[in-house]
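Structure record follows, encoded as structure tokens.
Residue numbers run from 1 in the order of the sequence given.
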Amino acid sequence: MGYLIDTNVWSELQKRERIHLGVQHWYEGVAKEDLYLSVLVVGEVRRGIEPLRRRDSRQAERLEQRLEQLQAAMMGRILPVSLSIAECWGRINVPDPLPVIDGLLAATALEHDLILVTRNVADVKRSGARLFNPFVDVIIS
């Protein structure tokens, strides 16, 4: 069984001693080779780092290092948005559009038969993707 990690879960994992216990327990119980990431998560993290760099360069540098570590650890398991994912995303957006990035993550999970691990379950529940919210310890299929 594989898991596609949403940005909100990755961000929670960075909190160390302040981490939500449900997220921590889930992460500690998963084989790291079963974890996947979308290029979209890398983009969202990057989008968070760049404005921070102007206000707090030290914190931005710490996050930059964590992003580099994440990319190295996930090498070979960072998934692109492919043509088939784009097609799937187009289908699951009818009749009611999903938030763009969340919808693309759901389409990626569907395409690769992964469970999307996210706090944003309500945003993508109707996508048909299998979902897991470690903040409340519930798998939704």
Side-chain angles (χ1 to χ4, degrees), residues 1-57 59-141:
M1 181 178 316
Y3 299 91
L4 182 64
I5 301 172
D6 193 355
T7 308
N8 52 47
V9 174
W10 181 82
S11 295
E12 189 67 25
L13 291 169
Q14 304 315 301
K15 292 183 178 178
R16 303 196 178 174
E17 67 278 348
R18 296 179 299 119
I19 189 171
H20 186 282
L21 289 179
V23 175
Q24 180 180 0
H25 290 205
W26 168 78
Y27 184 74
E28 289 173 351
V30 174
K32 301 315 171 236
E33 63 270 10
D34 290 339
L35 300 175
Y36 293 84
L37 204 62
S38 169
V39 294
L40 297 167
V41 171
V42 174
E44 284 191 310
V45 172
R46 169 67 56 204
R47 184 182 68 192
I49 291 171
E50 294 311 315
L52 181 60
R53 193 178 308 281
R54 296 171 187 222
R55 297 185 320 272
D56 186 346
S57 61
Q59 179 65 11
E61 186 55 37
R62 281 192 289 274
L63 287 175
E64 179 83 34
Q65 289 173 359
R66 289 183 187 159
L67 179 58
E68 289 172 9
Q69 291 167 354
L70 174 68
Q71 290 175 350
M74 299 295 287
M75 190 61 62
R77 291 176 288 125
I78 300 176
L79 304 173
V81 176
S82 65
L83 179 60
S84 57
I85 289 169
E87 290 277 351
C88 179
W89 175 77
R91 284 190 297 278
I92 65 175
N93 267 282
V94 175
D96 299 314
L98 301 165
V100 176
I101 291 180
D102 290 334
L104 284 164
L105 289 174
T108 301
L110 285 164
E111 183 65 24
H112 291 279
D113 194 27
L114 300 171
I115 296 171
L116 177 57
V117 182
T118 183
R119 188 175 224 163
N120 300 340
V121 168
D123 290 342
V124 291
K125 190 171 185 178
R126 68 182 182 278
S127 70
R130 290 179 296 159
L131 307 170
F132 176 66
N133 181 349
F135 295 89
V136 295
D137 295 319
V138 175
I139 293 181
I140 300 167
S141 49

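- Looking at every heavy atom in both residues, C88 comes nearest to L110 through SG-CD1, 3.8 Å.
- For the residue pair R53 and A60, the shortest heavy atom distance occurs at CA-CB, 3.5 Å.
- For S82 (side chain) and I85 (main-chain N/O), a donor-acceptor pair under 3.5 Å exists by modelled atom type.
- At a threshold of 4.5 Å between non-hydrogen side-chain atoms, the residues D123 and L98 do not count as touching.
- Sequence neighbours left out, not one pair with a member in residues 81-102 passes salt bridge (charged side-chain N to carboxylate O under 4.0 Å, His left out).
- Rounding to the nearest 0.5 angstrom, the gap separating the CZ atom in R16 from the CD atom in Q24 is 12.5 Å.
- Considering only heavy atoms from C-beta on, L35 comes within 4.5 Å of I5 through its side chain.
- Ring planes of W26 and F132: tilted class, angle from 30 to 60°.
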Practice problem: Carefully, step by step, assess V117 and V30 under the rule side-chain contact (heavy atoms from CB on, under 4.5 Å). | Solution: CA-CA 12 Å; V117 182; V30 174; over 6 Å; no
Practice problem: Quick one: do M1 and D34 satisfy side-chain contact (heavy atoms from CB on, under 4.5 Å)? Show the steps, please. | Solution: CA-CA 7 Å; M1 181 178 316; D34 290 339; 5.7 Å; no
Self-check item: Candidate pair H112 and L4, rule side-chain contact (heavy atoms from CB on, under 4.5 Å), full reasoning
Solution: CA-CA 9 Å; H112 291 279; L4 182 64; over 6 Å; no
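- Rounding to the nearest 0.5 Å places OG1 of T118 at 13.5 Å from NZ of K125.
- With rounding to the nearest 0.5 angstrom, the CD1 atom of I19 is 7.5 Å from the CD atom of E28.
- Panel note: side chain D56, backbone L52; no donor-acceptor pair is recorded below 3.5 Å.
- Taking every heavy atom of both residues into account, L67 and W10 meet most closely at N-CZ2, 4.3 Å.
- To the nearest 0.5 Å, atom CD of residue Q71 and atom CD of residue E68 are 7.5 Å apart.
- Between V124 and L105, the closest side-chain pair of non-hydrogen atoms is not below 4.5 Å.
- Here the shortest heavy-atom pairing between V9 and P134 reads CG2-CG, 4.3 Å.
- For the residue pair Y27 and K32, the shortest heavy atom distance occurs at O-NZ, 2.6 Å.
- In this structure, the side chains of R130 and D113 come closer than 4.5 Å at one or more pairs of heavy atoms.
- Between N8 and F135, the closest heavy-atom pair is O-CZ, 4.1 Å.
- With hydrogens and angles ignored, the 3.5 Å screen pairs a side-chain donor or acceptor of E12 with a backbone N or O of H20.
- With a 4.5 Å cut-off on side-chain heavy atoms, D6 and R119 do not count as touching.
- Between the side chains of R62 and Q59, at least one donor N or O sits under 3.5 Å from an acceptor N or O.
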